[in-house]
Amino acid sequence: MPHPQDNARAIFLILLIFWLATSPDSGPGLIAGPTLIKNRLARQRHALGVLNSTQWGDFAPRLADDPPEPETEPKYLNLTGFREEDGYVWEDLGRFKNRCEEWSKNAVGIPETAEPVWQNATGVVRGWWQRANASSPRYHSSYNLSEISPGASWASLNADWGRNVTGTEGKIMVRLEDNEDAATEPEEIDKLVLEKAEVKAREVSSTVTIDDVEGSGSSWEMRLHGVHWPRQGAMLLTTTSEKFSGIFGLPHLTTRPDFFESSKALLNRTLDKALERKEQHTLTDQIDPWTSTLDAPGEAWNPTPHCEYLLYIQIHPLQQDLLGVQPSLTGPENVAKAIHDIEDELRFPQGTGYRKIPPLQMSAVIFSPDCAFFLETKGPPAFAPAEGRHLVGVKQEIFLHSVSTFLLGLALIVFGQLQLLKLQMRETSTPSTLGRVSFYTGCMMLLADGMLFTGAAAWSFSASTTLLPSLAVTCVSFLSMTVGTFFLAEIHKVQEPEWRREERERERQNAASNTATPPNSRQTPATNSPPTSTTPPIIIPSDQDIDAEIAENTTNNNATLPAPVTAGTTTPTAQTLRTQLSNIFGRLLLAGICILFFSLAAASWRPSFRSAYFNTLLFVYLSLWVPQIYRNIYRNCRRALSWRFVIGQSILRLLPIAYFYITPNNFAFTEPDYTAFAVLAGWLWIQIWILVAQSILGPRFGVPKGWMPEAWEYHPVLREDNLEAGGLPIGLVSAPSSPTSLERVRTGEEGKDKSGQERKRTNIHVIDCAICREVLEVPVVKAGMDDPTAGGVAGVFARRMYMVTPCRHIFHSACLEGWMRFRLQCPICREELPPL
């Protein structure tokens, strides 16, 4: 019969093969692939020719406010998406350009006296947007994609288009890549002739993430390409697809003639070089360089219709109080020089200190010509600063510095966890102490460390600026995972016989219930049974009759001694232990992979679902002490881990979570959620207090007796009534005629009877501890008396001073606990002791 683990592996392999077999293959194959690529390159080459042969004003569509019979005929371009018959909402192009000019004027002023801004806009900004409808609505049924782009094989033509924003407002995040080494206009500048190189236009690209918070709740991420005019601080970017030649018609969408000329000259040169490169490598490089979909291979063969976007960005001037420019010298030239010095210091650090780097602030207008809507960032003058400040973020260098700082801090945190784990391993180095630690608590810590190692290693493969910090996190997390694996293996080796004994007990109970004789079954006549041979009884002396002694002990009032951990078990071989442990680690690996895949998929979920998923995942992760609490109750163990380990691990594992939950400007741009963090931290704090209560009041304090199997109580209530039943420990019982009996006993707590007379409730017996040879005072309740504090907290503290073994020997609690850390035998009679 195959092992259940083998069946699980087979099922998983079958599901994987089925998933691979049923996954749609969108590739056209080796024969049709190059042909499709050549056809696409031919269309793009034609679009570039249209751009070369057109001038400013050649694209002048009919506007919404034009009279029915305009003075000049509307003009369109022979580009996909720019034709009149395509049906796009180009009548709102004038509205888009006007809003762009208004945004620029509000930010930097008129073009003649524009304020200096950042010359390099590489960074990350985010903010809120508000939606506005175009002059006429459009739906996906309004277009015939087979006529707009006959050379494309569209998927899901009848379905709703992606990126269609329906809500009134939402969030937007823009990651700009304004590389100064990119192509510029003019192409080359002789710095020996010109004192200062002035770049008219430069290539720019960005990754835009739009969250439709109040609409569909979806989140879309897209890639846009365009042109940046550094001196004016303006940028125009567009998406490009089979139904919209955005990058080839971008100069005609600019707001000024000088923007048109510089962008046309730049794009003519850069697009031509890119097409030449693609035409030479049609077999090896089949990706469209201007695609707006991050999943570029699927978009290349079977594109999915989605809304197209035009994005206009205006960079805002810097706060002059943060530049360090003297007020008397504050002017355009001095401000521009200060900005230039800051950018040089960020790119090539020389040790020039600045009190604070000004933030990166922008405003944006988005126009969708096919889905007919506008998105405008919320901020002055249309909105109060409290409602929004348009797009605010940091420069790329500051962003990478914050990431590096976080990674270095994370490496220190993991290193602290590793040191705490090593110290705990020193304290739990014996089978007695290893048996107290919960195996599942160790599994949760190991799973978290393994996932951190996997994420840090994956980050290191693509990291450049943050390579060293990510490698530090990778190395430290690997060490922590290795040490945790060794610690978990030691715990498994000690606790595995206990698990096998419990499994055999369950199998025995199941077999007994299955083989029980039914009530209506026919009984075999006694005459048909074969005669059995009688054997003479074996008489065992009373001092050797183990069964009789066990039966006698079970009739006493004190609890019986449970079987030791190693009793009645066969020692597993090393090969069996390795096999079982490898199965457990395989399950942990599979669980970690599933969690990573779900976490990556959750990035595209609705914000409410995404936050609920991560909150639930972190709640389960921070429940790492729950298995230890259950282990303490099950084993009747008061404390298995040191407080240094419990509190230190709790704080260190909570710190990275606190960074994302309560830090407003974290590098992941997550919104602070103080309520969720308070719940997570409170839940972790409750678990610690439960462990404290178990250590002080006992692991089973407040737990009903029938919920857990019987366990030996090392701190029983001692009563003189149990003298005849053998309930009092050896040494507390003295002969009545003993001359020392009165000297070793004194009265304890006083009380009043029903008549109002005072009487003594307890006697304090004095005995020498066999371990430390010091005096031990033990309270014993008198016969016929009741101690009202026995079941309360006061009684618990009083009984915590001594420990009674099943062999009726009594010791100091600290002495016997220290002894049992190394040996589970009575120090006096060497009887096996139940583990704590």
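All values below were derived from every heavy atom in this structure, side-chain atoms included, with hydrogens, water molecules and symmetry-related copies excluded.
Taking the six-membered ring for Trp, Phe811 and Trp819 have ring centres at least 6.0 Å apart.
A donor-acceptor pair is defined here as one N or O able to donate and one able to accept, closer than 3.5 Å; no such pair exists between the side chain of Arg808 and the backbone of Thr805. Checking side-chain atoms of Gln687 against main-chain N and O of Ile629 turns up no donor-acceptor pair under 3.5 Å. When atom types are taken as modelled, the side chain of His812 and the backbone of Val775 share a donor-acceptor pair closer than 3.5 angstrom. Using modelled atom types, no side-chain atom of Ser480 and backbone atom of Val476 make a donor-acceptor pair closer than 3.5 Å. A donor-acceptor contact shorter than 3.5 Å links the side chain of His715 to the backbone of Tyr802. Although no hydrogens or angles enter the test, the distance criterion places a donor-acceptor pair under 3.5 Å between the side chain of Gln628 and the main chain of Arg436.
Closest of all the heavy-atom pairs between Met481 and Leu446 is O-CD1, 3.4 Å. Smallest separation of non-hydrogen atoms from Leu652 and Ile413: O-CG2, 3.3 Å. Here the shortest heavy-atom pairing between Arg639 and Ser695 reads CD-OG, 4.0 Å. Listed here is the closest heavy atom pair of Ala676 and Asn615: CB-OD1, 4.0 Å. Considering all non-hydrogen atoms of both residues, Lys422 and Val483 come closest at CG-CG1, 4.5 Å. The shortest heavy-atom contact between Asp449 and Ser477 is O-CB, 4.3 Å.
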Mind running side-chain contact (heavy atoms from CB on, under 4.5 Å) on Ser599 and Leu617 for me, showing each step along the way? CA-CA 9 Å; Ser599 301; Leu617 182 64; 4.1 Å; yes

Verify side-chain contact (heavy atoms from CB on, under 4.5 Å) between Met801 and Glu777, making sure each step is shown before the conclusion. CA-CA 8 Å; Met801 302 302 297; Glu777 295 183 351; over 6 Å; no

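Looking at Gln825 and Glu832, their side chains come closer than 4.5 Å, going by heavy atoms from C-beta outward. Between Pro699 and Asn636 the shortest side-chain heavy-atom distance falls below 4.5 Å. By the 4.5 Å heavy-atom criterion applied to side chains, Leu410 and Tyr659 are not counted as neighbours. Side-chain contact between Trp625 and Gln649: present, with at least one pair of heavy atoms (C-beta onward) separated by less than 4.5 Å. In this structure the side chain of Leu833 reaches within 4.5 angstrom of the side chain of Pro806, judged on heavy atoms. For the pair Val626 and Trp683, the minimum side-chain heavy-atom distance is below 4.5 Å. In this structure the side chain of Leu691 never reaches within 4.5 angstrom of the side chain of Leu641, judged on heavy atoms. Residues Leu447 and Ile595 are in side-chain contact: their nearest non-hydrogen atoms beyond the backbone lie under 4.5 Å apart.
Counted by atom type alone, Tyr440 and Arg631 present zero donor-acceptor pairs between their side chains at under 3.5 Å.
Ring geometry for Phe439 against Trp499 counts as perpendicular: the plane angle is over 60°, on a 0 to 90° scale with 30° as the lower cut. Aromatic ring pairs are classed by plane angle as parallel below 30°, tilted from 30° to 60° and perpendicular above 60°; the pair Phe406 and Phe660 is perpendicular.
The 12-atom threshold is not exceeded at CZ of Phe415, counting heavy atoms of other residues, nucleotides or ligands nearer than 6.0 Å. Enclosure of atom CZ in Arg426 is not indicated, since only 12 or fewer non-hydrogen atoms of other residues, nucleotides or ligands lie within 6.0 angstrom. Atom CZ of Phe645 has more than 12 neighbouring heavy atoms from other residues, nucleotides or ligands inside a 6.0 Å radius. No more than 12 heavy-atom neighbours from other residues, nucleotides or ligands sit within 6.0 angstrom of CH2 on Trp685.
How far CG of Leu488 is from CG of Leu588: 7.5 Å, rounded to the nearest 0.5 Å. To the nearest 0.5 Å, the span separating SG on Cys815 from CE on Met820 amounts to 13.5 Å. Distance CD/Glu427 to OG/Ser642: 4.5 Å, rounded to 0.5 Å. Considering CD of Gln417 and CG of Leu421, their distance stands at 9.0 Å, rounded to 0.5 Å. Rounded to the nearest 0.5 Å, atoms CD (Gln495) and OG (Ser438) are 7.0 Å apart. Rounding to the nearest 0.5 Å gives a distance of 9.5 Å between CD of Glu490 and OG1 of Thr428.
Ion pair Arg504/Glu507 not flagged as a salt bridge, since none of the NZ, NE, NH1 or NH2 atoms sits closer than 4.0 Å to an Asp/Glu carboxylate oxygen.
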